[in-house]
Amino acid sequence: MRAASPPALLLWPLGCVLWLGPPLRPPGTAEAVWSAWLNVSWSAPTGAGDWEAGEGGLFGQDSPLRRAAGVLVPADGLNACGPWDNFSAAPAAPAPWLALIQRGGGCTFSEKIGAAARRGAAAAVIYNYAGGSGTEVQTMTHPGTGEMVAIMISYLKGKEILRRIESGYEVTMIIEVGKKQGSWMNSYSIFFVSVSFFIVTAATVGYFIFYSARRLRLARAQNRRQKRLKADAKKAIQQLQLRTLKQGDKETGPDADNCAVCIEVYKPNDVVRILICNHVFHKNCIDPWLLEHRTCPMCKCDILKALGIEVDVEDQEESFQPSVSNGPSNIPSVNEEDSHSETASSGYASVQGTDEPPAEDPAPSESDNLRLVNNTAQPPPVDVLPHLDNPGFEADEVQEHDAKS
């Protein structure tokens, strides 16, 4: 006999399940669990007897669902597994009788039911093991038994019937089809629960993988950004002014400030770095700081912004803006603007090395005034920078004011 191929399962998107196996049987077929309504009556040779009825049995999975009735006849070996087991107490044909068989004995349900069918029984009544509470009834499968009706009853019920038969009573049983029992867990329920568990597990693992990949991508992007910022900081540090202190410089005097990073006094021959904000630090102290923080330790001035270096965080692109526009040389550069801001005004004089105020420019001559007036008609193509509080712009303002007057 050719073995049936196992059913196949395909999982489609959105939780759809495609079943490629044999069609699922509708309710009411042999795959369902049906109870058996039993009407048992017994009578003694003297005429005394009694009866009882109840839903105390279960039809086998391969048994037809139909009525059966007759006298109960136990097997000679009780379990009907031996080759010499017989039903010697069975009535002569055509009187119907039912085979009473004990479960177990080393053979299958199919062999027990087949032996009863060969002896001419109308149905096989198999009572359960002696385990548990004694009232347990289980479903059984018995393929290959044809149209033979087979039911299972509890151990206590089977022993009670067997005791009455051994006491000389004639026990008659009528088997009726009862109700379909809705088992809370069958093979298909286990299948769908397993599929649901697989889907939930797959979704959880997928979310964990997505979350881990996203965290890894963000970490790599952050690492690339830090490397890019360090590279920009190195370029900016190279543009800052270096100076070697000499004997007599103000930084080496008794009233000079210490290095804000190492808190050490400045000495002759020390190499110092002058930031855009005119704050002075030891080169060996400030360079590692700027490489990590890119800001002045004192005023928090950003050297990348002060030098015009812009960094695009997402595209990791940088663009350098020109620090000096094309125009007359008397227009201050971006570096001069930042170096003369209010935050840096306190350190300006210390870098210059003198406390004297800047010398005033000579008053403009008449020819200069005429030249300024003529130039107002055709202004040079330069951007006018905003006014900063810087003494270096006072001379230019006086010239413009005299020209306008």
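All residue numbers in this chain count up from 1 along the given sequence.
We find that E52 and K157 are joined by a salt bridge, their nearest charged nitrogen and carboxylate oxygen being less than 4.0 Å apart. We find that D270 and K283 are not joined by a salt bridge, their nearest charged nitrogen and carboxylate oxygen being 4.0 Å or further apart. Between D302 and R294, no side-chain nitrogen of the basic residue sits less than 4.0 Å from a carboxylate oxygen of the acidic one, so the salt-bridge criterion is not met.
Among all heavy-atom pairs drawn from R67 and A69, the shortest one is NH1-CB, 4.2 Å. In plain terms, the two heavy atoms of S154 and V137 that are nearest each other are N-CG2, 3.7 Å.
Ring centroid separation for the pair W289 and F281 does not come in under the 6.0 Å cut-off.
Within the 4.5 Å cutoff, the side chain of I151 has no heavy atoms near those of the S63 side chain. Between V71 and E170 the shortest side-chain heavy-atom distance falls below 4.5 Å.
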Note to self: Test disulfide bond (SG atoms under 2.5 Å apart) on C301 and C277; report intermediate values, then the result.
What the structure shows: CA-CA 7 Å; C301 175; C277 54; 4.9 Å; no
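Between the side chains of R217 and Q222, no donor-acceptor pair of N or O atoms lies under 3.5 Å. For the residue pair T141 / Q61, no side-chain donor-acceptor distance below 3.5 Å is found, with atom types taken as modelled.
Taking CG of N128 as the start and CD1 of I153 as the end, the distance is 9.5 Å to the nearest 0.5 Å.
Heavy-atom neighbours of N258 CG from other residues, nucleotides or ligands within 6.0 Å: above the threshold of 12.
Ring geometry for Y207 versus F210: interplanar angle of 30 to 60°, hence tilted.
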